[in-house]
Amino acid sequence: MNKILNYLINLPVFANVDATINCKRMAWLFTIIAINGITGFSIPLLGSIYIPVCMVCLLYILACGKLKIDGLYVVMYIAFFLSALWATEPFFNSNIRYLLFLCVTLLCTSCISSPTAIAFRSLVYRNILILLTFLTIGSFVCYFLGINLVRKDLMHDVTSVGVFGGLYAHSMLLGPMSALVALMFLNTYVVYRKKILITLFFIAAAAVVMSASRGATLAMVVPIAYSLFFMKDWGGSRKTLIGLLVATSIVAIPVADRIATGLITKQQRNEEAGSTFDSREDKWDNRIQEFEENPVFGIGFCAVDLRNSEDYNAAGGVESGSTHLSILSMTGVVGMIPYLCVLLSAYKSVRRDGSIVANMRMYMFLAMITHAMFEGYALYAGGFLCFIYWLMIGHCADYKKIKKKEYVGINNT
């Protein structure tokens, strides 16, 4: 196990960082607590301290000093605060949700930069992907053993459409998290070109398909397509990538019918209902209508129109159907403009760099913003997907700072 762990820790897709022992311990502590929340065997007590631990880690970073603030994020936070202040539906407690969002995202984005902050985020990013690797491979094996730890019903039939989560708490977690793992091994293979990496990529990609999530499947496909058509061909990487995809497709033929059953069935049902994304279109229409009625500040941070009862529950939890549309409808033009500027800044930080570290971050960034088109989680601070979404965005900006060597003690190889 130690050899496997060391192998993953030393993958070339991760930037080398010099961190204190306390920073490393804090990063592992936070990672374990965060990952606990997405597993089918989670410990409730750890889940209850997720936000407090976020606050402790943030205070630790602030106490270490040498801080720099990114004004672009400040503008976005102010815009989101105005949307919370002007919320038209008090039922959703927009002000409280905004404070939670502020706490979590200050920790994982590049709004606050310092040697400790960048090292902490780099370690958490690495640690999360390592633990996701074990969960994803385990979930792949569980599919063939008939084991499904989806919460509230631990013995779902794994062949039922959209209910297989493996070791994850939900299929909607298995899909995007496995996509990130698949992209990690794909990117590593371009450099190492070892057969084990092809195998691991295939396993993770298969887990994505097993989740029957079309959004997660696109989140995996879009970065690959982008790299083939838009990223520079360093050292014949494009040819290598095409070869890997062809080999993986051939290997997948014998088991394709079984692992893709859920995805195919879900797509057929939606087409019969009249649209490829019939299950999402009503929510998208609701978000557009809310924006049209509240174009400046939006309907309110983490809020929806109470008339759209299918979009929220009695506890105020919201399923908006799309992160990007929800930010538009909830924060209006005032919030959407700085949000798009944050995304553009993150993209520009890594788009022209051909290093494996930059390419990896570009893959992760594209995967998350693609998946966020179909799931509305970016403003809900209590969820793991919110954290990982903003972490991937902030990580791109961090790379630019690492490359410029603005911070002593952080090295990139």
Side-chain angles (χ1 to χ4, degrees), residues 1-19 21 23-39 41 108 118-142 166-168 173-208 216 219-220 223-224 237 240-241 244 248 355-365 367-368 384 387-388 391-392 395-396 398-399 402 410-413:
M1 179 60 74
N2 286 336
K3 289 184 178 180
I4 296 174
L5 186 59
N6 288 331
Y7 178 79
L8 294 173
I9 286 175
N10 293 301
L11 288 178
V13 294
F14 301 128
N16 291 331
V17 297
D18 293 334
I21 188 64
C23 184
K24 293 178 180 178
R25 288 172 177 170
M26 294 283 282
W28 271 114
L29 172 65
F30 178 83
T31 301
I32 291 171
I33 291 173
I35 290 292
N36 170 76
I38 65 172
T39 66
F41 49 88
C108 62
I118 292 178
F120 177 83
R121 287 193 290 267
S122 294
L123 291 171
V124 169
Y125 165 80
R126 182 201 68 188
N127 297 346
I128 283 176
L129 286 172
I130 289 173
L131 295 187
L132 290 180
T133 297
F134 290 114
L135 289 174
T136 294
I137 294 174
S139 296
F140 175 83
V141 175
C142 286
L167 300 180
Y168 291 89
L173 289 167
L174 169 66
M177 297 304 98
S178 297
L180 297 183
V181 174
L183 293 171
M184 178 181 71
F185 287 118
L186 179 66
N187 206 26
T188 307
Y189 176 77
V190 173
V191 176
Y192 275 6
R193 304 188 183 184
K194 294 182 178 180
K195 293 180 180 179
I196 183 61
L197 297 171
I198 298 178
T199 304
L200 293 172
F201 167 72
F202 170 78
I203 289 173
V208 176
M220 179 176 62
I224 297 174
S237 60
T240 300
L241 181 56
L244 171 60
T248 303
S355 74
I356 187 172
V357 175
N359 287 346
M360 172 74 164
R361 298 185 187 205
M362 175 64 85
Y363 273 44
M364 299 299 166
F365 172 79
M368 292 309 300
F384 178 80
F387 180 86
I388 198 74
L391 177 66
M392 296 306 174
H395 220 48
C396 292
D398 281 347
Y399 177 78
I402 292 174
I410 296 179
N411 304 304
N412 178 30
T413 58

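Everything quoted here is computed from the prediction, not taken from an experiment. Here, residue 1 is the first one in the sequence, and each next residue gets the next number. No hydrogens, no waters, no symmetry mates; every other heavy atom, side chains included, goes into these values.
Phe384 and Ala34 get closest at one heavy-atom pair: CD1-O, 3.6 Å. Minimum heavy-atom separation, Ile356 to Asn187: O-ND2, 3.2 Å. Nearest heavy atom pair, residue Ala182 against residue Ala205, reads CB-N, 3.9 Å. For Val124 against Thr31, the heavy-atom pair with the smallest separation is CA-OG1, 3.8 Å. Across all non-hydrogen atoms, the minimal contact from Cys142 to Gly166 is CB-CA, 4.5 Å. Smallest separation of non-hydrogen atoms from Pro223 and Ala367: CG-N, 3.6 Å.
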Check against side-chain contact (heavy atoms from CB on, under 4.5 Å), Met177 and Ile388: CA-CA 9 Å; Met177 297 304 98; Ile388 198 74; 4.1 Å; yes

Verdict with reasoning, Ile224 to Leu183, per side-chain contact (heavy atoms from CB on, under 4.5 Å): CA-CA 8 Å; Ile224 297 174; Leu183 293 171; 3.9 Å; yes

Chi angles and distances behind the side-chain contact (heavy atoms from CB on, under 4.5 Å) call for Thr39, Leu135: CA-CA 8 Å; Thr39 66; Leu135 289 174; 3.9 Å; yes

Evaluation steps, side-chain contact (heavy atoms from CB on, under 4.5 Å), between His395 and Cys108: CA-CA 8 Å; His395 220 48; Cys108 62; over 6 Å; no

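Proximity of Leu186 to Tyr363: side-chain heavy atoms (C-beta onward) are separated by under 4.5 Å at one or more points. A heavy-atom distance below 4.5 Å is found between the side chains of Val357 and Arg361. Looking at Ile38 and Leu132, their side chains come closer than 4.5 Å, going by heavy atoms from C-beta outward. Within the 4.5 Å cutoff, the side chain of Leu167 has no heavy atoms near those of the Phe134 side chain. Contact annotation: the side chain of Leu11 approaches that of Met184 to within less than 4.5 Å [non-hydrogen atoms, C-beta and beyond]. Counting heavy atoms from C-beta outward, Leu123 and Val17 have side chains that approach closer than 4.5 Å. Contact check for Tyr192 versus Val13: no side-chain heavy atoms found under the 4.5 Å cut-off. With a 4.5 Å cut-off on side-chain heavy atoms, Phe185 and Phe202 do not count as touching.
Note: Leu131 CG to Arg126 CZ = 10.0 Å, rounded to the nearest 0.5 Å. Atom CG of Leu174 and atom OH of Tyr168 lie 6.5 Å apart (nearest 0.5 Å). For the atom pair Leu29 CG and Ile33 CD1, the distance stands at 4.0 Å (nearest 0.5 Å). How far CG of Leu5 is from CD1 of Ile9: 4.0 Å, rounded to the nearest 0.5 Å. One distance of note links CD1 of Ile137 with CD1 of Ile203; it measures 5.5 Å at 0.5 Å rounding. If you take CZ on Phe14 and OG1 on Thr188, they are separated by 7.0 Å, rounding to the nearest 0.5 Å.
Listed by chain and number, the residues in a ring pair (Phe, Tyr, Trp, His ring centres under 6.0 Å) with Phe30 are Tyr50, Phe387 (sequence neighbours excluded).
Under 3.5 Å, the side chains of Ser355 and Tyr399 contain a donor-acceptor pair of N or O atoms.
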